[in-house]
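Chain letters run A, B, ... following the sequence lines, proteins first and then strands; every chain starts at 1.
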There are 2 protein chains.
Amino acid sequence: MARTTLTDVAKALGLSTTTVSRALAGYPDVSEATRERVRATAQAMGYVPNRQAQLLRRKRAGAVGIVLPPTSATGGDLLLSEWLVRVSAVLQAYELDFVVASADSLGSEQEIYRRLVSGKHVDGFLAPYPRVHDWRLDFLKREEVAVVAFGRSQPEDHVPFVSLDDKKAMILLVKHLARLGHTQIGFIGASEELLVQRDRWMGFKEGISQCGLELNSDFVQEGDMSCAGGYFAAESLLALQHPPTAIVCINDATALGAMRALRQKGLRPGKDIAITGFDDISLASYASPPLTTIHQPLEEIATQLVGMLLQRFEKTPEMETSWVLQPTLIIRQSCGCDVSMRQLASGVHVLTASPRHLTSTVEEFENA
Amino acid sequence: MARTTLTDVAKALGLSTTTVSRALAGYPDVSEATRERVRATAQAMGYVPNRQAQLLRRKRAGAVGIVLPPTSATGGDLLLSEWLVRVSAVLQAYELDFVVASADSLGSEQEIYRRLVSGKHVDGFLAPYPRVHDWRLDFLKREEVAVVAFGRSQPEDHVPFVSLDDKKAMILLVKHLARLGHTQIGFIGASEELLVQRDRWMGFKEGISQCGLELNSDFVQEGDMSCAGGYFAAESLLALQHPPTAIVCINDATALGAMRALRQKGLRPGKDIAITGFDDISLASYASPPLTTIHQPLEEIATQLVGMLLQRFEKTPEMETSWVLQPTLIIRQSCGCDVSMRQLASGVHVLTASPRHLTSTVEEFENA
DNA sequence: CTGTTAGCGCATTCAG
DNA sequence: CTGAATGCGCTAACAG
């Protein structure tokens, strides 16, 4: 019942383990004939390398880790769940294991990283949503563990990342709302700790100013990237004497929560108050009304990130090139658009996106 | 920069690695004095056992795996995402790594299991949604790998599981709808391959019959546990000459999709047609209208499952006791209830559940 | 092109 | 109570 080992194969062939090992590993210094012979019998004997031994020898973990931050842990941030699935698929192709852990409190988040790093459970990490003073990134650099980030990281952290151009995306959203006639636009963001908040907030302000509108500080609320956060933030907004006529949310979950708050008050999202999200999670098209949002090309992001991480595993850590992706505005109905209005929007390019029956994709050209 | 090893600690103390190893492992045959000394310096030197070496020696992987089935992979089944997070938290407590992989096609699902098992990447698996002839379970048993299931498994598979009493839960839902006056109740399920479909479907039929209603085969549609599946299935239902006045969905994602289909047709879920879900994913309370559904106590489920899996790691595979949990009906608004109606429901016990502002929990007593 | 020699870091016999 | 010896299964120098 014991698994067949390299030695078994070597014995059966009358070769040394070295040769077998190298033949299987595809080293060039093995005759084609032997290689084939080895491969065949290894296969026949059902040989599979023992991972632990291999890793011990190679001093690698053969795995990549991710630690979900507390908010997402409760299922708050749907984007990360979807992203995670994409990442796991990409990693799969490289025969790397994907170790996922979730933190429910800040303390445990640190513990998890420490445990995973000190025990060499993983070769590197994917860090979601970089923060302003990101101890995770600091820690990993200090420990010399490879890491790449999903979302922009601060230049001084020297952590390569893949991110949408959040600022630009926000400008697209605000312009879109302004074009629909909104002048009273609110914003529900998240903790200033998160760079994603800083960037999207900056984009929001920029958009407001580019459209010649005024920024009303009463219209700005802090959520936490979750439905619940969006709900309560929207409640505050609605309690105002003169609430905004449109609310830009930092992500889709927030928008979903905000829409619920509207409905609770008897208001119709998309009719009485426009709502926009960010991320285009798969649920966005199924919301009521379907969410106008910014699309995150998760597949592409996951592929890029893993590629970059693999790069970092190399001895020669090539210069870090981060990726900033161009945003795509997805116009559905939560912004108050209907199909006819969508055609009216000038300077836009209408595409179709799945699920086709629920969506039209609009990609806006710069300064349209 | 090399990590401190057991030998380092032993040298520093003038002891043998054996003693240090045993002291740290808490063996009884080490004097209390030495143990303390060892512990202290090990700590001081920042010693952390090398995982790969430890595992190689112990012939274990120190990890538990899960392979997400294709449908969930696309973010289709939100329940699994939430469950996964809970599981990871529990595993964390046992210092076990959680390896997650996702399959995008059936072929790759098999490959993944094979890879993870033959390479001994994990010590055991958590299998979601057992199937009728479940090759995953067969394969794992053949390979003598520990496995427990989330959702009922077939008796002949001898795989312990944790599951809600799906049948009973469905009866609760149907009775609830019947009590609200519905006689034309539809059902959107999933593939008959899934036991969860068989059980919930059986519960549905049972409920219909217990309420003295007739089963209309036109009212039965097959989805795929995802929003998209629910959407298309509901479309078919709505295309009928006389559509049902209530639709019971196999899970929340399906319900969300179905509600979208209604809205697309200008119908109001909860008003024109009642909709119910199953799972109570965190988004359920934020749907429009909030979803009436069955709650899954994921925390408890995760804890149980991991406990059972650990049991199976033991030499003595104690008799397998599966867990069937009692369902809790969560009444929100997608069933057409409003607060006043909820009070009218007889034989129910009203509780509060979070988020409090959106929900009332109703636990029904047997045969109420 | 192939084999010999050495460990990777740890946990476990078996003797003291 | 402690230590010396052994090997988990594999890969990587270094010779030939």
Rounded distance (nearest 0.5 Å) linking atom [atom1] of [X] with atom [atom2] of [Y]:
X: A/Gln92; Y: B/Asp104; atom1: CD; atom2: CG; result: 8.5 Å
X: A/Leu126; Y: A/Met308; atom1: CG; atom2: CE; result: 9.5 Å
X: A/Phe161; Y: A/Leu195; atom1: CZ; atom2: CG; result: 9.5 Å
X: B/Arg86; Y: B/Ser81; atom1: CZ; atom2: OG; result: 11.5 Å

Measure from [atom1] on [X] to [atom2] on [N] and round the result to the nearest Å.
X: A/Lys120; N: C/dG9; atom1: NZ; atom2: P; result: 11 Å
X: B/Leu56; N: C/dG7; atom1: CG; atom2: P; result: 17 Å
X: A/Gln52; N: C/dG9; atom1: CD; atom2: P; result: 16 Å
X: A/Leu13; N: C/dG3; atom1: CG; atom2: P; result: 10 Å
X: B/Lys11; N: C/dG9; atom1: NZ; atom2: C1'; result: 12 Å
X: B/Arg60; N: C/dT12; atom1: CZ; atom2: C1'; result: 16 Å

Exercise. Taking atom CD of B/Glu156 as the centre, does the number of heavy atoms from other residues, nucleotides or ligands within less than 6.0 Å exceed 12?
Worked result: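 More than 12 heavy atoms, drawn from other residues, nucleotides or ligands, come within 6.0 Å of this atom.
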Exercise. Would you say A/Gln43 has more than 12 foreign heavy atoms packed within less than 6.0 Å of its CD?
Worked result: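 Check fails, neighbour count at 12 or below.
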For this session: Give the minimum heavy-atom separation between A/Pro130 and A/Arg136, together with the two atoms involved.
Result: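 Smallest interatomic distance, heavy atoms only, reads CA-NH2, 3.6 Å.
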For this session: Between A/Glu32 and A/Lys59, name the one whose nearest nucleotide on DNA chain C is closer to the 5' end.
Result: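 It is A/Glu32, whose closest nucleotide lies nearer the 5' terminus.
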Exercise. Just checking B/Leu55: base, sugar-phosphate only, or nothing, at a heavy-atom cut-off of under 4.0 Å?
Worked result: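 If one applies the 4.0 Å heavy-atom cut-off, B/Leu55 turns out to touch nothing in the nucleic acid.
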Problem set entry | Plane angle bin for B/Tyr113 and B/Phe125 - parallel if under 30°, tilted between 30 and 60°, otherwise perpendicular |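 Ring orientation of B/Phe125 relative to B/Tyr113: tilted.
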For this session: Report the C-alpha separation of A/Asp97 and B/Arg115 in whole Å, then their side-chain angles, then the decisive distance to 0.1 Å, and conclude whether the salt bridge (charged side-chain N to carboxylate O under 4.0 Å, His left out) test is met.
Result: CA-CA 10 Å; A/Asp97 284 345; B/Arg115 191 173 78 82; 3.3 Å; yes
For this session: Could you encode protein contacts along nucleotides 10-16 of chain D as a string, one character per nucleotide from 5' to 3', using B for base contact, S for sugar-phosphate-only contact and - for no contact, with a heavy-atom cut-off of under 4.0 Å?
Result: BBBBB--
For this session: Look at the side-chain N and O atoms of B/Thr19 and state whether any lies under 4.0 Å from the OP1 or OP2 oxygen of D/dC1.
Result: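 No, outside the criterion.
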For this session: Using only side-chain N and O atoms of B/Ser16, determine if any of them is under 4.0 Å from OP1 or OP2 of D/dT2.
Result: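 No.
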For this session: Estimate the overall bend of the helix from C/dC1-D/dG16 to C/dG16-D/dC1 from the end axes over five pairs each, rounded to 10 degrees.
Result: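 Comparing the first five pairs with the last five, the axes sit 40° apart.
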